[in-house]
2 protein chains.
Amino acid sequence: MFTPQFFKALCDPNRMNILQWLAKKNKSCCVGEISTCCQVDLSVVSRHLSQMKAAGFLTSERRGKEVFYHVNAKTVVHVLRSLADFLDGCCLTKKLKGGEKND
Amino acid sequence: MFTPQFFKALCDPNRMNILQWLAKKNKSCCVGEISTCCQVDLSVVSRHLSQMKAAGFLTSERRGKEVFYHVNAKTVVHVLRSLADFLDGCCLTKKLKGGEKND
DNA sequence: TGCTCATATGCACAATTATGCAAATGATTT
DNA sequence: AAATCATTTGCATAATTGTGCATATGAGCA
């Protein structure tokens with residue numbers, strides 16, 4: 001579930017930037033448009049988008065000559081919350097209800 | 001806030017393993033003990049721990065000869081939830097009060 | 001002081017990753 | 001079909017990262 005592939009998609013500054021930029025847009029954007037949000041070559045952006053798509057962060061759809069990418073927010077949010085909940089359950093809330101066993 | 005450094009700490013399989021292992025323990029563990037949860041050399045584990053500490057994931061405390069590391073769950077959970085909330089706010093809940101559905 | 005144990009660090013090396021350019025692919029238009 | 005536009009991919013290269021071994025540091029103990 002918490003695969004390295006998933007978090008690798010988040011640990012590059014350009015990818016994080018793209019993710020947030022796309023999320024704010026909250027609509028499908030084509031590669032050329034997305035590439036305006038960071039400084040690197042468009043081909044690099046294309047590769048980042050592919051990688052994020054492979055990690056389940058994005059979905060894509062071709063419309064004519066262009067390919068539109070969109071944030072798969074549901075999936076990303078779910079994984080992030082799952083890890084947060086796991087850590088929370090282990091280390092924060094569990095103790096309060098009197099459980100003493102942790103592994 | 002969503003620094004590459006933070007997510008870099010999550011994107012190595014050994015570090016992710018260490019994080020979950022330590023969270024399940026939910027107590028301070030020394031390096032030697034922690035190193036039993038993954039296959040790599042103890043010196044490598046030591047480096048991973050340092051890195052995770054630098055990223056704010058762990059706290060450490062020396063007791064005699066040993067150094068004990070503990071998950072800083074509050075911080076990690078907060079960052080994960082913040083990103084989840086940001087994406088959620090942009091792409092999931094925001095539109096709903098306007099009436100339209102998002103998948 | 002020396003000795004031992006636990007951890008950290010220097011170093012070299014292998015593996016991975018990010019990048020830009022050039023060329024290829026896919027799709028529309030003329 | 002040829003031309004054009006948008007995106008992807010091949011390739012080379014630079015940069016970063018993960019790893020193990022050997023050594024250093026720091027702390028207690030004989």
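Quick note on labels: first sequence line is chain A, next is B, and so on, each numbered from 1.
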Taking atom [atom1] of [X] and atom [atom2] of [Y], what is their separation to the nearest 0.5 Å?
| X | Y | atom1 | atom2 | answer |
| --- | --- | --- | --- | --- |
| B/His70 | B/Thr59 | NE2 | OG1 | 6.5 Å |
| B/Cys37 | B/Asn17 | SG | CG | 4.5 Å |
| A/Asn26 | B/Cys91 | CG | SG | 4.0 Å |

For [X], side chain to side chain contact (heavy atoms under 4.5 Å, CB included) partners two or more places apart:
| X | answer |
| --- | --- |
| A/Ser46 | A/Val31 |
| A/Asn14 | A/Asp12, A/Cys38, A/Val40, A/His48 |
| B/Ala84 | A/Val77, A/Leu80, A/Arg81 |
| B/Cys30 | B/Glu33, B/Glu66, B/Phe68 |

Positional range of nucleotides in DNA chain C within the contact set of chain B, heavy-atom, under 4.0 Å:
C/dC5 to C/dC11

Round to a whole Å and report the spacing from [atom1] of [X] to [atom2] of [N].
| X | N | atom1 | atom2 | result |
| --- | --- | --- | --- | --- |
| B/Lys8 | D/dG18 | NZ | C1' | 13 Å |
| B/Gln5 | D/dT16 | CD | P | 15 Å |
| B/His48 | D/dT16 | NE2 | C1' | 14 Å |

Run the side chain to side chain donor-acceptor pair (under 3.5 Å) test against [X] and tell me which residues pass, sequence neighbours left out.
| X | answer |
| --- | --- |
| A/Lys53 | A/Ser60 |
| B/Gln51 | B/Arg15 |
| B/Asn72 | B/Thr75 |
| A/Ser43 | A/Asp41 |

Among residues 51-59 of chain A, which contact DNA chain C at a heavy-atom distance under 4.0 Å?
A/Gln51

Check: A/Trp21 and A/Thr36 side chains under 4.5 Å, non-hydrogen atoms:
yes

Once you apply a heavy-atom cut-off of 4.0 Å, does A/Tyr69 come out as touching a base, just sugar-phosphate, or nothing?
sugar-phosphate

Produce a footprint string for nucleotides 20-30 of chain D: one letter per nucleotide, 5' end first; B if the base is under 4.0 Å from any protein heavy atom, S if only the sugar-phosphate is, - if neither.
BB-----BS--

Please determine whether the number of non-hydrogen atoms from other residues, nucleotides or ligands lying under 6.0 Å from atom CD of A/Glu61 exceeds 12.
yes

What is the bend of the helix from C/dT1-D/dA30 to C/dT30-D/dA1 when you compare the axis at one end with the axis at the other, using five pairs each and rounding to 10°?
10°

